[in-house]
There are 2 protein chains.
Amino acid sequence: MAALKAVAPDGTFTTGPDTVERLLTPGEVARIFGVDPKTVNRWALTGRIPSVRTPSGQRRYRQSDIGALLNG
Amino acid sequence: MAALKAVAPDGTFTTGPDTVERLLTPGEVARIFGVDPKTVNRWALTGRIPSVRTPSGQRRYRQSDIGALLNG
DNA sequence: TGAGAGTAGGGTAATTGGGGCT
DNA sequence: TGTGTCCCAATTACCCTACTCT
């Protein structure tokens, strides 16, 4: 995984020359797919989508990963 | 391939400058047309309706596609 | 410090996909 | 050919309580 380079006011951050990332909450991902937030958590538990954990245990999802799922 | 940009509280999300999307479940589409969910499933299989797949394989339908069918 | 929204768990009922049949 | 129905396994939604974040 690339090193963290910069953080923008809107929450996006860069990890490489042309890499812009943003983390989505379970609720946001759920609304995108039209499913329950618990379902998104289940996808993470079963390894269907990568997830990032906050120090307190909550899950966050990379915007790029979700976008890839929407496009096949 | 449009990149995911933002997610609204009502479930709509944008993939481009003027693109707003929302995904519907097979049951919702079935109730709209007054048919069995299986029939909606077949419409997707025969290519009559574009469909988006969840990571687990279930189908979701773009509200814009359904609206286009209702108006055409 | 308190209020409200969101999230993580678990448990159970409902929905979905697929094949086959009508 | 298109649709509805039955079956089964897998997946998801809704119920609850507790914890986290704004």
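Reckoned from all heavy atoms, side chains included, excluding hydrogens, waters and symmetry mates. All chains are named by letter (A, B, ...) in the order of the sequence lines, taking the proteins before the strands, and each is independently numbered beginning at 1.
- Identified under the ring pair (Phe, Tyr, Trp, His ring centres under 6.0 Å) test for residues 53-72 of chain B, with sequence neighbours left out: none.
- The outermost nucleotides of DNA chain D lying under 4.0 Å from heavy atoms of chain B, listed 5' to 3', are D/dG2 to D/dT12.
- Pairing for D/dG2 is absent, with no Watson-Crick or G-U wobble pair whose two atom distances lie under 3.5 Å.
- Among pairs with a residue in residues 21-43 of chain B, those fulfilling ring pair (Phe, Tyr, Trp, His ring centres under 6.0 Å) read B/F33-B/W43, at least two apart in sequence or across chains.
- In this structure A/R59 satisfies the side-chain hydrogen bond (donor to acceptor under 3.5 Å, both in side chains) test with no other residue, sequence neighbours excluded.
- Applying the side chain to side chain contact (heavy atoms under 4.5 Å, CB included) rule to A/K5 yields the partners A/T14; only residues at least two apart in sequence or on another chain are considered.
- Listed by chain and number, the residues in a side-chain hydrogen bond (donor to acceptor under 3.5 Å, both in side chains) with B/T39 amount to none (sequence neighbours excluded).
- Each of B/T39 and B/T54 has a nearest nucleotide on DNA chain D; the 5'-most of these lies closest to B/T39.
- B/P55 and A/L69 make their closest contact through CG-CD1, 3.8 Å (heavy atoms, listed as atom of the first residue, atom of the second, distance).
- Cluster partners of B/L45 are absent, since no Ile, Leu, Val, Met, Phe, Trp or Tyr has side-chain heavy atoms less than 4.5 Å from it.
- Hydrophobic cluster membership is shared by A/L24 and A/I49, with clusters built from Ile, Leu, Val, Met, Phe, Trp and Tyr side chains linked at under 4.5 angstrom.
- In plain terms, the two heavy atoms of B/K38 and B/D36 that are nearest each other are N-OD1, 2.8 Å.
- Not counting sequence neighbours, the partners of A/T54 by the side chain to side chain contact (heavy atoms under 4.5 Å, CB included) test are A/S56, A/Q58, A/R60.
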Along nucleotides 14-22 of chain C, 5' to 3', which nucleotides get a B, which get an S, and which get a -, given that the test is a protein heavy-atom distance under 4.0 Å? --SBBBB--

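- Direction of the helix axis in the helix from C/dA3-D/dT22 to C/dG19-D/dC6 shifts by 60° between the two five-pair termini, rounded to 10°.
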